[in-house]
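Here is the structure we will look at.
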Amino acid sequence: MKIIKRLLVSLIVFAICMCGFFTIKPGKLNEYSLKLNIKYSQMEEMHLYYNTDTNTTFYGTQEVAAIFGEGEKRDIEIPMKEEYKSIQLAFNNPENGGQIENRVKLSDAKIKSLFCTLSLDLSKYERANGVDIEKKGNDITVDVQPDKSYILYDLTSAVEDLKTKNGNVMNIIYIIVSVLVALIVFRLAGKVKLMLSWLRDIISNRRLIFELSKSDFKMRYAGSNLGVVWAFVQPIVTVIIYVFVFQVGFKSVPVENVPYVLWLVAGIVPWFFLSEALMNATNSLLEYSYLVKKVVFKINILPMVKIMSALYVHLFFVVIAISMYLINGIPLTIYAVQIVYYSLCTTMLVLGLAYITSSIVIFFRDLSQIVNIMLQFGMWLTPIMYSIGILPPKFRAIMKLNPMFYVTDGYRDALYNKVWFFEKTGQTMYFWVLAVLLLLVGSTVFKKLEKHFADVL
């Protein structure tokens with residue numbers, strides 16, 4: 001009977017995943033890349049323009065400008081958007097009127113999505129001016145005249161073919177992911193009650209967690225004269241350093257229409273919370289070993305104590321970030337209430353991870369060092385210091401699999417982008433499915449190893 005119930009739950013989860021995927025269609029082709037191999041016989045500057053229609057007879061919006069040396073051969077990969085209907089290759093520098101005769105070889109032209117690639121026949125162009133074209137297979141050699149020489153390509157049909165091919169691959173991925181999620185749920189369905197009971201333990205013991213977290217927070221700075229003041233000095237100094245380095249030193253340009261420092265702070269605030277909470281929670285059972293050995297104490301709340309302790313500094317950091325936005329003339333809006341939601345997201349993500357790491361570190365003490373190294377990698381694998389827009393489309397899709405992308409991007413949405421979390425349905429669903437699975441796995445691992453904690457400690 002239990003197997004039948006688990007099977008029914010798994011089938012329902014599979015149906016929900018499939019409906020969600022095919023309704024939202026995450027990974028659909030909004031962006032792709034154009035790859036092209038170019039060789040110039042003489043030094044010249046080539047410009048590539050994209051257009052949102054196919055009837056443009058003049059230069060559109062510039063996307064790439066590259067200077068080619070004599071005989072230089074180069075691969076160029078250009079990020080493109082679905083709405084780009086045509087591209088225009090301008091072989092002479094438009095600023096000097098194109099006064100140089102040249103011979104340019106164009107080859108290996110492709111448009112690429114994350115999973116699919118289509119070759120382009122360069123001889124099938126929409127319009128050309130000031131060029132003589134010699135065809136060889138899908139490649140061409142262009143004799144450029146001393147004039148405003150260009151070739152205009154219509155990409156509409158090719159992009160539609162790429163969308164169809166990409167959609168077929170994504171449909172297969174939707175089915176595979178839905179099956180995997182259903183199998184995981186079938187395997188862990190019996191542990192759902194355990195996960196829910198532990199969440200109830202955290203809620204029912206909230207006063208105890210609050211008192212222990214306050215005590216933990218104070219004890220960290222008990223030996224210093226300023227005490228807990230040091231916990232708040234660090235974020236202030238960190239922000240000052242970033243302001244000086246990026247705003248004064250590098251004179252960084254604005255990102256998404258806000259000063260770079262404000263953009264950076266919005267992303268780094270939740271990351272600092274995750275980093276501190278996970279590191280402290282990983283070692284929570286080791287630090288509170290005397291409580292672990294007590295039979296009557298619910299040790300499953302100890303990771304939450306460390307997370308709550310890290311939350312105090314995080315809240316102060318949030319206040320600093322909001323103050324910086326106000327000082328720079330960016331007012332708070334109703335969207336800012338989402339900071340509470342995204343803080344909850346980070347807490348649930350850390351809790352699931354902490355149940356896994358805190359239970360394993362007792363038997364493998366090196367894990368805490370490994371977690372520290374992984375967090376350093378994770379900071380650079382999350383678009384915090386740089387905009388995801390600078391990456392090729394295939395890497396953007398991979399980056400978005402990182403659950404902290406959802407959180408850091410959410411803080412930016414709350415502070416200045418003015419986007420609600422429920423408007424990003426696909427990302428929201430993905431994040432919570434992953435967070436719940438981590439909680440299921442974490443509570444299962446913790447429960448299985450719990451009986452050995454006292455012996456090893």
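A 4.5 Å side-chain heavy-atom check between Ile370 and Phe364 finds at least one atom pair inside the cut-off. Taking the side chain as every heavy atom from C-beta outward, Leu262 and Tyr416 never approach each other to under 4.5 Å. Using a 4.5 Å heavy-atom cutoff, the side chains of Met385 and Met379 are in contact. At a threshold of 4.5 Å between non-hydrogen side-chain atoms, the residues Phe421 and Tyr342 count as touching. A heavy-atom distance below 4.5 Å is found between the side chains of Val407 and Phe431. Inter-residue side-chain proximity for Tyr406 and Leu434 is flagged as unmet; no heavy-atom pair is nearer than 4.5 Å. Counting heavy atoms from C-beta on, the side chains of Leu120 and Leu155 come closer than 4.5 Å.
Of the N and O atoms on the side chains of Ser213 and Ser309, not one donor lies less than 3.5 Å from an acceptor on the other residue. The closest side-chain donor-acceptor pair between Asp216 and Tyr288 falls under 3.5 angstrom. When only modelled atom types and interatomic distance are considered, Tyr153 and Ser86 share no side-chain donor-acceptor pair under 3.5 Å.
Residues that satisfy the side-chain contact (heavy atoms from CB on, under 4.5 Å) test with Ile373, not counting sequence neighbours, are Phe377. Under the salt bridge (Lys or Arg N to Asp or Glu O under 4.0 Å) criterion, Asp161 pairs with no residue at all, not counting sequence neighbours.
Checked options Gln338, Lys418, Lys424; the residue passing with Asp413 is Lys424 (criterion: side chain to side chain donor-acceptor pair (under 3.5 Å)).
Annotation: the span from Ile87 atom CD1 to Glu126 atom CD amounts to 12.0 Å, rounded to 0.5 Å. Thr346 OG1 to Ile339 CD1: the interatomic distance, rounded to the nearest 0.5 Å, is 11.0 Å. The line from CZ of Phe14 to OG of Ser178 is 5.5 Å long, rounded to the nearest 0.5 Å. The distance from the OG1 atom of Thr428 to the OH atom of Tyr430 is 13.0 Å, given to the nearest 0.5 Å. In this structure, the separation between OH on Tyr335 and CH2 on Trp420 is 6.5 Å, given to the nearest 0.5 Å. Interatomic distance, Ile76 CD1 to Leu106 CG, rounded to the nearest 0.5 Å: 10.0 Å.
Annotation for Pro331 and Leu326: closest pair CA-CD2, 4.0 Å, computed over non-hydrogen atoms. Heavy-atom minimum distance, Ile111 versus Ala158: CD1-O, 3.6 Å. Closest of all the heavy-atom pairs between Tyr355 and Ser443 is CB-N, 4.2 Å. Across every non-hydrogen atom of Ala266 and Pro270, the tightest pair is O-CD, 3.3 Å.
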_With ring pair (Phe, Tyr, Trp, His ring centres under 6.0 Å) as the criterion, how do Phe91 and Tyr150 come out once you've worked through the C-alpha distance, each side chain's angles and the decisive distance to 0.1 Å?_
CA-CA 6 Å; Phe91 300 105; Tyr150 67 83; 8.9 Å; no
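By the 30° and 60° cut-offs, the orientation of the rings of His314 relative to Tyr411 is perpendicular. Using cut-offs of 30° and 60° for the angle between ring planes, the Trp432 and Tyr341 rings count as tilted.
Checked for salt-bridge contact, Lys306 and Glu276 miss the test: no charged N lies under 4.0 Å from a carboxylate O.
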